Visitor: 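Input: one structure, supplied below.
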Protein chains: 2
Amino acid sequence: MPEAHLTANPELPINRLLQIAVEVFAEHGFRDATVRDICARANVNVAAVNYYFRSKEGLYIEALTFAFAEINKHHSYEAAQDSSLPPEQRLHLFINYFLNKLLDDSHLGVQGKLISREIAEPTKALDIIIAKAVIPQCTVLEDIIGRLLGGRADKITLQRCVMSILGQCLMFKHSRSIIDRLFPEAIADQAAIQASAQHIAVFSLAAIKQLNLATESPL
Amino acid sequence: MPEAHLTANPELPINRLLQIAVEVFAEHGFRDATVRDICARANVNVAAVNYYFRSKEGLYIEALTFAFAEINKHHSYEAAQDSSLPPEQRLHLFINYFLNKLLDDSHLGVQGKLISREIAEPTKALDIIIAKAVIPQCTVLEDIIGRLLGGRADKITLQRCVMSILGQCLMFKHSRSIIDRLFPEAIADQAAIQASAQHIAVFSLAAIKQLNLATESPL
DNA sequence: AATCATTTAAAACAACTGTTTGATACCTAC
DNA sequence: GTAGGTATCAAACAGTTGTTTTAAATGATT
């Protein structure tokens, strides 16, 4: 398995394979995707998969990490990490970033789809994802909420709020099929997505503020 | 495909097949599940699947609707529909019902897993699910939120709140693999699940009340 | 008891899967 | 130019899949 030029010429068979593999695995899942299909679309001989990646699973893992590299190129939550900003604004920034990333079908949709597929039906590669992408984002969100609560909340409450916010966003990814059929207006265009992000932020901010009152007043 | 005795003797091969099929499809998904595996576990000849259900897909659809019948036998949201109760209490009841249904691994876990698998990766059978289970539940939740908002909210806001609440609950199902690794305490036992449901209800109620204020005061 | 449709059984079929093989083309370095 | 490693290819391999076939067993009806 030659290690060579992963970032080099994108026309090389090995790079075409990676790119197409992301698409096909995202579309069909690991099992339903066939190496013959991937190779055909990439204009590469079937043997190339085993030559370059040792096996179908090897290709899958490489495609997964490649998808991460690509997705982080285009969306970043750097602004949400700026601790000099008020936490309310940071929350808006974070939700906006996260929802847009989840729903961006244009050039990152396939990568996102591949990743959330892995979450819904984990293979051995899941731990890589959690360490590389999930934990850092959770940490940022936890920091924001912690500041909103003024450091008054215990760890478990903090985590529950993180889950509440992530859950509202992930709904748009994992239950996309239902959204498409019941609430298509919520993601009809970029403005609608913006409005949905706005709703989640307002909804969550209101809830957190209320928790804040509840924990400080009764004492 | 003989129509006979679906509800009759559970020892008949056709009923054993249905029951086992739910388990196996839930465990492996439609594609990864093999009819040979299902038949072996059900102590039935391989040909039985095609004899009774015409095809593997036929068995899948029957298993899916069978799973619904089973799951609705054990959990009901009747109490949450009682419009004589205060909507706050109804919201608690609904979330409690919904989250418990999603997380109940004991006797309904397989059915729930099969259903959420279908949502994450829809086959042609999805529309059956949406009509039979999703829409009725959304309607109830929408009614509760409508009352909480005192009929002041427009349709789209109502739907967004529905999604916010469902999202928080579904997180525990669709991102279960992540919860298991990052927030295992949140679903450690029955008491923890209860507490998680409590959090979602309080969190959402606070947010809705706040929306309520926001829409009535500025005018 | 004989006839009939229904059900179960074992075996084979045909298609598709990931993978390997062995031969051929390519291209660099001497 | 040629030797030697790298890359590509068509073809075949070995295993699994859903499905079909053919035949035997079953059980009710006449």
Side-chain angles (χ1 to χ4, degrees), chain A residues 1-64 114 117 121 123-125, chain B residues 1-64 114 117 121 123-125:
Chain A
M1 178 171 49
E3 200 58 41
H5 20 67
L6 269 178
T7 56
N9 191 345
E11 291 308 319
L12 290 177
I14 186 172
N15 292 320
R16 286 208 311 272
L17 263 181
L18 264 182
Q19 208 163 336
I20 300 287
V22 172
E23 292 177 24
V24 178
F25 281 133
E27 192 175 339
H28 295 105
F30 176 71
R31 175 63 189 274
D32 279 11
T34 72
V35 310
R36 278 181 170 82
D37 181 24
I38 294 172
C39 291
R41 294 204 214 180
N43 264 315
V44 168
N45 189 274
V46 266
V49 164
N50 299 81
Y51 180 71
Y52 285 113
F53 301 99
R54 202 192 74 248
S55 69
K56 182 187 183 184
E57 192 180 337
L59 173 59
Y60 178 72
I61 292 174
E62 292 291 332
L64 213 52
L114 175 58
R117 190 186 277 279
E121 205 163 335
T123 71
K124 296 162 199 160
Chain B
M1 178 173 46
E3 200 59 38
H5 21 66
L6 270 177
T7 56
N9 190 344
E11 291 308 322
L12 291 177
I14 185 173
N15 291 321
R16 286 209 311 273
L17 262 180
L18 264 182
Q19 207 162 337
I20 300 286
V22 171
E23 292 177 22
V24 178
F25 281 133
E27 192 176 339
H28 295 104
F30 175 71
R31 175 61 190 276
D32 280 11
T34 73
V35 310
R36 278 182 171 81
D37 182 23
I38 294 172
C39 291
R41 294 205 214 178
N43 264 315
V44 167
N45 190 274
V46 266
V49 164
N50 298 81
Y51 179 72
Y52 285 112
F53 301 98
R54 204 194 71 248
S55 69
K56 181 188 182 183
E57 192 181 335
L59 172 61
Y60 179 71
I61 291 174
E62 292 292 332
L64 213 51
L114 176 58
R117 191 185 277 278
E121 203 164 334
T123 71
K124 297 160 198 160

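Quick note on labels: first sequence line is chain A, next is B, and so on, each numbered from 1. Remember, it's a predicted structure, so these values are computed and weren't measured experimentally.
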Visitor: As a test of reading the structure: which of dT7(C), dA7(D), dT19(C) is closest to the side chain of Tyr52(B), going by heavy atoms?
Guide: dT7(C)
Visitor: Where each residue is assigned the nucleotide of DNA chain D containing its nearest heavy atom, which of Lys56(B) and Asn45(A) is assigned the position nearer the 5′ end?
Guide: Asn45(A)
Visitor: Rounding to a whole Å, what distance do you find between Leu59(B):CG and dT19(D):C1'?
Guide: 14 Å
Visitor: Taking OH from Tyr60(A) and P from dT17(C), how many angstroms apart are they, rounded to a whole number?
Guide: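 From Tyr60(A) OH to dT17(C) P: 18 Å.
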Visitor: dT19(D), dT20(C), dG18(C): which one has an atom nearest the side-chain heavy atoms of Asn50(A)?
Guide: dT20(C)
Visitor: Heavy atoms only: give me the nearest Val49(B)-Cys39(B) pair and the separation to one decimal.
Guide: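 Heavy atoms of Val49(B) and Cys39(B) come nearest at CG2-SG, 3.6 Å.
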Visitor: Phe53(B) has an atom CZ; how far is it from atom P of dG18(D), in whole Å?
Guide: 15 Å
Visitor: Nearest whole angstrom, please: distance from the P of dT17(D) to the CZ of Phe25(B).
Guide: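 Checked: the CZ to P distance equals 13 Å.
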Visitor: For Leu17(A) and dC9(D), what is the distance between atoms CG and P respectively, to the nearest whole Å?
Guide: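 Spelled out: CG on Leu17(A) to P on dC9(D) is 11 Å.
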Visitor: Starting at CG of Asn43(B) and ending at P of dT8(C), how long is that distance when rounded to a whole Å?
Guide: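 Value for this atom pair: 12 Å.
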Visitor: So, for Leu17(B) and Ala48(B), which heavy atoms are closest and what is the spacing to 0.1 Å?
Guide: CD1-CB, 4.0 Å
Visitor: Choose from dT8(C), dT17(D), dA11(D) the nucleotide whose nearest atom is closest to any side-chain atom of Val46(A).
Guide: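 The listed nucleotide nearest to Val46(A)'s side chain is dA11(D).
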Visitor: Counting side-chain heavy atoms from CB outward, which of dG18(C), dT20(C), dA10(C) is closest to Val35(A)?
Guide: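 Looking only at heavy atoms from C-beta outward on Val35(A), the closest nucleotide is dG18(C).
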Visitor: From CZ of Arg31(A) over to P of dG18(D), roughly how many Å is that when rounded to an integer?
Guide: 8 Å
Visitor: The side chain of Ala47(A) is closest to which nucleotide in this list: dT17(C), dC9(D), dT19(D)?
Guide: dC9(D)
Visitor: Measure from NZ or CZ of Lys56(A) to the centre of the six-membered ring of Phe30(A) and say whether it is under 6.0 Å with the direction within 45° of the ring axis.
Guide: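 Because its charged atom sits under 6.0 Å from the ring centre and within 45° of the axis, Lys56(A) does stack over Phe30(A).
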Visitor: Nearest whole Å is fine: how far is dT19(D) P from Arg36(B) CZ?
Guide: 11 Å
Visitor: Kindly say if Tyr51(B) contacts the phosphate of dT7(C), meaning a side-chain N or O under 4.0 Å from OP1 or OP2.
Guide: yes
Visitor: Starting at the 5' end of DNA chain D and moving along, which residue's nearest nucleotide shows up first, Asp32(B) or Ala48(A)?
Guide: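 Between the two, 5'-proximity favours Ala48(A).
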Visitor: Once side-chain contact (heavy atoms from CB on, under 4.5 Å) is applied, do any residues pair with Arg41(A), and if so which ones, sequence neighbours excluded?
Guide: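 If we apply the side-chain contact (heavy atoms from CB on, under 4.5 Å) test to Arg41(A), skipping adjacent residues, the hits are Ile20(A), Val24(A), Glu27(A), His28(A), Asp37(A).
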Visitor: Taking the side chain as C-beta and beyond, is there a heavy-atom pair between Ile38(A) and Phe25(A) under 4.5 Å?
Guide: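 Sidechains of Phe25(A) and Ile38(A): in contact.
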